[in-house]
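The structure appears below as structure tokens.
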Amino acid sequence: MLNNIEYKDYRKQDDIHGTTLYPAVMVAPIQKSILSDIIKQDEVVSIFDPFHGSGTALYEAIELKPDIHVAGCDINPLANLITRVKLQGVNKCVSRDVDAVEYYLNNYDEIYEYSFPNINKWLRNDIIDSLALLRTAIMKIDNNQNRLFFWYMLNNVIRFNSNTRSSTYKLHIKVSDSINNIQNRVIDDFLTSSRRHYDKFFHKSNNFVLYKNDILDIIDYFDDDLYDVSITSPPYGENATTVPYGQFSMLSLYTIPAYDLELEGWELDNYSKIDNNSMGGKDRALSLDKYENNLLREYLDKISISKHRKIIRFFTDYFYFIRALCRITKKYIVLTLGNRTVDRVEIDLVSITKKYLKRYGFKNITTAMRAIPRKRTPKITSNVYQKPVNSMNYEYILIYKKSK
Ligand SMILES: C[S@@+](CC[C@H](N)C(=O)[O-])C[C@H]1O[C@@H](n2cnc3c(N)ncnc32)[C@H](O)[C@@H]1O
């Protein structure tokens with residue numbers, strides 16, 4: 001299983017996964033090839049991705065087997081929207097609906113109010129006006145599938161016309177000269193990209209369910225052996241200091257009307273709320289048992305005490321999650337993982353996870369390591385004690401099978 005892991009020539013720009021940006025996405029053909037091998041060897045009727053992000057694995061699953069049941073969960077409403085659109089696709093009248101948006105852009109009586117906290121920091125005034133007009137035009141589209149597709153396409157338009165730098169997933173303001181030089185391409189970018197890409201959204205599933213939730217809040221309600229295959233890439237550490245999926249999403253989430261998002265109600269409270277509520281971010285009671293403490297001991301001993309709490313908090317969530325995943329998965333668990341560094345100490349998430357999976361009844365089929373060719377998270381991250389810190393440069397793919 002997994003003979004080719006490089007996929008150096010794969011360009012996601014050529015397929016559905018290149019149609020919108022989301023941080024830390026998996027490499028689609030790798031996931032597809034793993035799923036394809038598993039499906040050839042075993043009967044698979046259901047696939048689960050508990051941290052589906054932009055829906056890479058779930059979409060690849062329905063490409064391989066259109067009638068397969070796919071289920072996913074993500075705490076981020078933008079991830080939910082992106083994945084929903086990939087799975088439900090567009091309606092056949094989409095081309096007519098793009099023309100309708102263009103018509104409404106040129107013929108309007110009113111523009112719906114559009115504002116959010118700190119809007120002027122992140123969007124120039126003329127960009128706000130263009131987005132308000134475009135947003136009003138999209139809101140007039142009746143077809144639910146196509147309207148959601150248009151919000152999906154708006155995600156990149158906002159990002160590329162905003163005052164945030166493209167070099168990082170964080171919201172990080174450009175210098176004022178660069179802001180002045182932004183060409184307002186809101187309308188053009190939207191119409192061009194919608195027309196260029198809609199035909200990638202005709203492959204769809206009628207057999208999917210997405211949960212817009214904290215996986216830790218819902219996983220205990222899932223039955224034992226519910227899904228044949230669980231395939232995912234979990235966060236490697238708390239979002240705030242690893243990958244800020246929430247912050248990345250906020251400009252889009254503040255622009256898309258709430259009625260077209262799956263919201264529990266707290267997500268838009270502030271720019272950090274989603275990241276703070278994500279894995280390892282919440283202030284839960286810390287509870288590691290003796291075995292778990294031993295797994296972390298060698299790392300904690302080398303890391304400053306002030307950082308222990310955040311590491312233990314992450315692993316409290318992580319172990320809870322992996323234990324439950326082992327319970328609800330009937331056949332295979334496939335994880336794409338990276339190691340992270342705290343205080344220049346590499347925490348070997350891969351080896352910790354392997355031990356844990358074994359303890360909870362899974363045996364290793366394959367472990368593969370892959371250099372990450374292009375990364376938006378810089379190779380060297382922040383300075384600790386004046387020395388630069390290496391961030392993750394490799395990812396690992398673990399394939400495990402439930403022992404009889
Ligand atoms: C590495 S990304 C997944 C990327 C995905 N595999 C893809 O290809 O796009 C991890 C995801 O976990 C989500 N996440 C973090 N904490 C979560 C939690 N407690 N419950 C559900 N989702 C969570 C983040 O919002 C993010 O989308």
Side-chain angles (χ1 to χ4, degrees), residues 7 10 12 15-32 34-35 47-61 70-87 152 155 169 210-220 222 230-250 252-253 261-262 264 266-267 272-284 313-322 324-325 334-340 349 372 375-377 392 395-397:
Y7 288 97
Y10 169 65
K12 75 174 184 299
D15 66 22
I16 193 170
H17 305 296
T19 55
T20 203
L21 262 182
Y22 193 75
V25 301
M26 300 198 278
V27 180
I30 297 183
Q31 305 303 316
K32 188 176 205 164
I34 296 169
L35 287 173
I47 299 222
F48 179 49
D49 186 341
F51 301 99
H52 63 61
S54 66
T56 313
L58 297 182
Y59 180 81
E60 293 305 311
V70 296
C73 176
D74 205 290
I75 198 166
N76 182 344
L78 184 67
N80 177 277
L81 175 89
I82 290 173
T83 304
R84 185 173 301 282
V85 172
K86 283 185 187 173
L87 296 179
Y152 173 112
N155 179 41
Y169 288 123
L210 294 181
Y211 301 96
K212 205 310 293 171
N213 286 97
D214 180 341
I215 185 64
L216 301 180
D217 288 345
I218 61 170
I219 200 161
D220 282 349
F222 291 6
S230 293
I231 180 163
T232 199
S233 63
Y236 310 149
E238 72 296 337
N239 291 10
T241 53
T242 54
V243 184
Y245 302 96
Q247 200 182 109
F248 166 88
S249 309
M250 289 317 290
S252 294
L253 291 175
L261 293 169
E262 290 282 327
E264 293 167 77
W266 50 266
E267 294 88 341
S272 315
K273 195 76 181 208
I274 296 174
D275 290 324
N276 290 342
N277 276 353
S278 294
M279 240 331 237
K282 255 188 187 165
D283 225 352
R284 289 184 234 264
R313 192 158 65 187
F314 174 75
F315 277 100
T316 300
D317 284 358
Y318 187 73
F319 288 140
Y320 186 94
F321 161 72
I322 297 281
L325 192 71
V334 182
L335 297 177
T336 300
L337 291 177
N339 293 329
R340 71 171 296 209
L349 187 64
I372 305 173
K375 276 179 64 62
R376 209 167 286 248
T377 313
M392 301 158 303
E395 66 186 12
Y396 299 79
I397 298 167

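Each ligand, and each atom within it, is numbered from 1 in the order the structure gives.
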By chain and number, the residues contacting ligand 1 below 4.0 angstrom (heavy atoms only) are Tyr22, Ala24, Val25, Met26, Phe51, His52, Gly53, Ser54, Thr56, Asp74, Ile75, Asn76, Asn213, Asp214, Ile215, Ser233, Pro235, Tyr245, Ser278, Met279
Answer yes if the ring centres of Phe314 and Tyr236 are under 6.0 angstrom apart, and no otherwise.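 When the ring centroids of Phe314 and Tyr236 are compared, they turn out to be at least 6.0 Å apart.
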Evaluate side-chain hydrogen bond (donor to acceptor under 3.5 Å, both in side chains) for Asp220 paired with Tyr320, printing each intermediate quantity in order. CA-CA 10 Å; Asp220 282 349; Tyr320 186 94; 2.4 Å; yes
Can you spot which of Ile397, Leu349, Ile322 makes a side-chain contact (heavy atoms from CB on, under 4.5 Å) with Leu335?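 Only one of Ile397, Leu349, Ile322 forms a side-chain contact (heavy atoms from CB on, under 4.5 Å) with Leu335, namely Ile322.
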Full working for ring pair (Phe, Tyr, Trp, His ring centres under 6.0 Å) between Phe222 and Phe48: CA-CA 11 Å; Phe222 291 6; Phe48 179 49; 5.7 Å; yes
Fit a plane to each ring of Tyr318 and Phe315, take the angle between them on a 0 to 90° scale, and name the class: parallel (under 30°), tilted (30 to 60°) or perpendicular (over 60°). perpendicular
Between Lys212 and Glu264, is there a salt bridge with N-O shorter than 4.0 Å? yes
